[in-house]
Amino acid sequence: MDYQGSKKEILEKIGSDPKKGLSSNEASSRLEKYGPNKMESSNKKSLGKKILEQILDPMVILLILASIVSMFTGDKIEAIIIIAIVVINAIMSIYQEGQAEDSVAALQKMSSPEATVIRDGKRGKVKAEDLVPGDIVVLETGDIIPADIRLLDSRNLQIDESSLTGESVSVEKDAEELYDKEVGIGDRKNFAYSSSIVTYGHGEGLITSTGHNTEIGRIATSLDTVEDKQTPLQRQLKDLSKKLAILVVIICALVFVVGYFRTSMSILDNFMVAVSLAVAAIPEGLTAVVTIVLSIGMNRMVDRKAIVKNLVSVETLGSTTAICSDKTGTLTQNEMTITKVYTDFKEYDVEGSGYTPKGDISHKGDVIDDDSQIKLIMTIASLSNDANLIEKNGSYEITGDPTEAAMLTLSEKWDIVQEDLNEAHPRIDEIPFDSDRKMMTTFHNIDKNYYAMTKGAPDVMINNSSKIMIDGKLEDFTDDLKEKVLKENTKLAKQALRVMAYAFKPYESLENEELSTENIEREMVFVGLTGMIDPPRPEAKAAVEECHNSGIDVFMITGDYFETALAIAKELGIAECEDQAMQGSDLNNKSEEEIREIVKTKRIFARVSPQNKVQLVNALQANGEVVAMTGDGVNDAPAIKNADIGISMGITGTDVAKDTADMILVDDNFATIVNAVEEGRVIFSNIKKFVSFLLSCNIAEVAIVFLSILFGLPSPLTPIQLLWLNLVTDAFPALALGVEPAEADIMERKPRDPDAAITSGETGKGIIFQSIAITISVLLAYVIGLKYIFPNNIEGAHTMVFATLITSELLRAFSVRSEKYTLKELGWFSNKNLVKANLLSFALLLVVMYVPILRKLFELEFISWQWWIILLLSFLPLLIGEIRKRIRK
């Protein structure tokens, strides 16, 4: 515990001189011992691991076995095609994951490229990765803390630790603070953590830990122990593969046995038919189509500002039932904003949010164009201010403390520009802010008079003021008036606003004045208050509402204060009352069972530790929820890793969070998550559609062959005809179904049950129903062809079966587009890709049937008027399916 004990004890323990620092030789020796001050990603997969993951997929194993059987039974063409599908599928998956990794790498930023250190008694710059324990680091405003540091000296030092603790407001640091017992990370005033930012003041510190030994390093290392979970789609496709494997074995056995007793085929020929049919029962294109559709969805998400790092995570989003969101920078803008001004005993509302200086100031709905007391507050706020507001190409950036940046933004909303004020009234001197006084004062010459401009904590400022500005005049600040202002301060604080007070003190001359806090910051003229908050993102409220309409629960899990979290959650519609919120510390002594009950009613968890976040995610998962965890800080990473879908911010997100997440929001926009959920739902819906299409067609093919043999008829299809059906004709419509437009009510449906099979419910019923309908239609065509149109001509009968089966399957692709809406409601041509795919597949059918050399190869007969019978029978399954939808409604 390097924050415990005295500075002298820590210096002796680590071995360093606070004045001279380490020698160059000692620094080199320690660099060799401790390694570079950086963290290598442990999440990146090797090419070999990626290839192995593809090969070990159950569906891929099934296809490989099918190709081996085909090779040994003499059907080498089919074996080659199946292996080609496996290889193409693997290449596509690996390529897409590589593309995502490249996108993530582009987002990664060096946390601190350089640091100022004292070595050999001299101050100089070194690369952050070359820092070692024992280095003495100099800290200035704007610096990123390069490692974990025990502070040796601090002068008005404030540090933004939001990436680690989730707390929006900068933390005041004090090198003299001593601790003899354990305290929380956010309360260690004598310590600074890697990746946090100096927002104010100066200091020096001793590096105690670097790289993986820092606080963020330990969090990153702990992620390696978290097991990767299978997504719902992975589980369901694995389950489907097992069922198909069992089905294949049963089909082989049944067809072989029935064929042996019901036909005159030899044992070898009978075995060949059985094996061919078993291969036909496997939807060879399923894995490839799933990969292609997920890839397309992955690319669409990039267009919608979301980078998904692996294919299966695209679909997982669609099954999300709970989103656990960090507050700072995720639901809020991470930009402090003044929303209230109080002066002359009037409360004013301030429009706008963030650091963009736009928005009116109003009182009871009336816009205020001119008010000298408000201008005075803005003048004090701008002059006693060390932050900077910088415009770049229409957007605004800040340097310095976010609280002071909020004051500058308020002033510029009334065209009070800091640069102009400083030029007109330059700072003569100052009494810097410190945590004991809780005030800051600067001195300026204004209109040939001198003024001390002071800002600070309201209670201190009120007590130290003897006058108050009322209606532009100075009045005595009586106890009654002070009580009135204190009530307003309490009122604003209860709204989770951070309140600042402003005062001034006039002087004819400063020559004989002692510029000390005892002399200056007394008997001041009180002017007013401002209330500020890190406001919600404008689009977050609508996004939360859409989540609720979609059956998705939203949880706020933050390191910030209880009151602040509750106020933001109420504004966003995450919670309605205080009973839905609790402190993270209250979870520490709870059992897993108790936490599972807590998450059923609570929606806000404040002041949580990284371990609390993991507890909450695990509790939700134990309750059967599919959990998405969003965040940007190092403190979010363990929960992001544990969640079913981990989401990091792309702009404000730390490297650890990005490396851990499954998805990265390029624009840091919570609403993008909802867009991604919609995309995930559409993708899964489309996967169900083409799974239903492929399985209903393949089951029909198996049933047609099996029933024909069972009834003592010749095999209705040859192996090459089956191959053409499975690998060519089915593929194009299946791909087109994969890009089917979203159905109108896709985001009004409740999240699907992640444990339900992909073929459960109406999907399963539709597969069975359509399989039967197609089987009956094709068997009718077979019997009509064999008995009446082409008597004693098996090739003619095969032609009737081949044409009817392909045409009915192509029409089935139109019907499977929705389990709810009829084709009349959807429109025949609303999916132009499907129309094109079906036309191409039908054209390929005609090519095979009417190009003489191909017709001979496929053992088919020339047909003409017979098409009327084929079309009539082919439309029958489609018609039955559409009537069934009407009846269901």
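Just so it is clear, the values below take in all heavy atoms, side chains as well, and ignore hydrogens, waters and symmetry mates.
For Glu795, there are no salt bridge (Lys or Arg N to Asp or Glu O under 4.0 Å) partners, not counting sequence neighbours. Take Glu678 and apply the salt bridge (Lys or Arg N to Asp or Glu O under 4.0 Å) test, not counting sequence neighbours, and it matches Arg304. Lys689 meets the side chain to side chain donor-acceptor pair (under 3.5 Å) test with Glu743; sequence neighbours excluded. Qualifying side chain to side chain donor-acceptor pair (under 3.5 Å) partners for Lys305, counting only residues two or more places apart in sequence or in other chains: none. When the side chain to side chain donor-acceptor pair (under 3.5 Å) test is applied to Thr630, the partners found at least two apart in sequence or on another chain are Ser325. Every residue was checked against the side chain to side chain donor-acceptor pair (under 3.5 Å) condition with Asn549, not counting sequence neighbours, and none meets it. With sequence neighbours excluded, the residues that form a side chain to side chain contact (heavy atoms under 4.5 Å, CB included) with Ala742 are Val682, Ile746.
Counting only residues at least two apart or in different chains, salt bridge (charged side-chain N to carboxylate O under 4.0 Å, His left out) contacts with residues 772-782 are absent. Listed by first and then second residue, the salt bridge (charged side-chain N to carboxylate O under 4.0 Å, His left out) pairs that reach into residues 828-847 come to none, sequence neighbours excluded. Residue pairs meeting the salt bridge (charged side-chain N to carboxylate O under 4.0 Å, His left out) criterion with at least one member in residues 762-773, sequence neighbours excluded, are Glu762-Lys765, Glu762-Arg884, Glu762-Arg888.
Taking 4.5 Å as the limit, every side-chain heavy atom of Arg812 sits out of range of all side-chain heavy atoms of Ser874.
Remark: the Asn831 side chain and the Glu740 side chain contain an N/O donor-acceptor pair separated by less than 3.5 Å. Defined by atom type and a distance below 3.5 Å, a donor-acceptor pair is present between the side-chain atoms of Lys688 and Thr763. Between the side chains of Glu882 and Thr822, no donor N or O sits under 3.5 Å from an acceptor N or O. Of the N and O atoms on the side chains of Arg817 and Ser830, at least one donor lies less than 3.5 Å from an acceptor on the other residue.
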Which donor-acceptor pairs under 3.5 Å do the side chains of residues 771-782 make with protein atoms, sequence neighbours left out?
| from | atom 1 | to | atom 2 | distance (Å) |
| --- | --- | --- | --- | --- |
| Ser771 | OG | Ser696 | O | 3.2 |
| Ser771 | OG | Ile767 | O | 2.6 |
| Thr775 | OG1 | Ser771 | O | 2.6 |
| Ser777 | OG | Ala773 | O | 3.2 |
| Ser777 | OG | Leu873 | O | 3.1 |
| Tyr782 | OH | Pro714 | O | 2.6 |

Could you tabulate the donor-acceptor pairs under 3.5 Å formed by side-chain atoms of residues 858-868, not counting sequence neighbours?
| from | atom 1 | to | atom 2 | distance (Å) |
| --- | --- | --- | --- | --- |
| Glu861 | OE2 | Asn793 | ND2 | 3.4 |
| Gln866 | OE1 | Ser864 | N | 2.8 |
| Trp867 | NE1 | Tyr850 | OH | 2.8 |

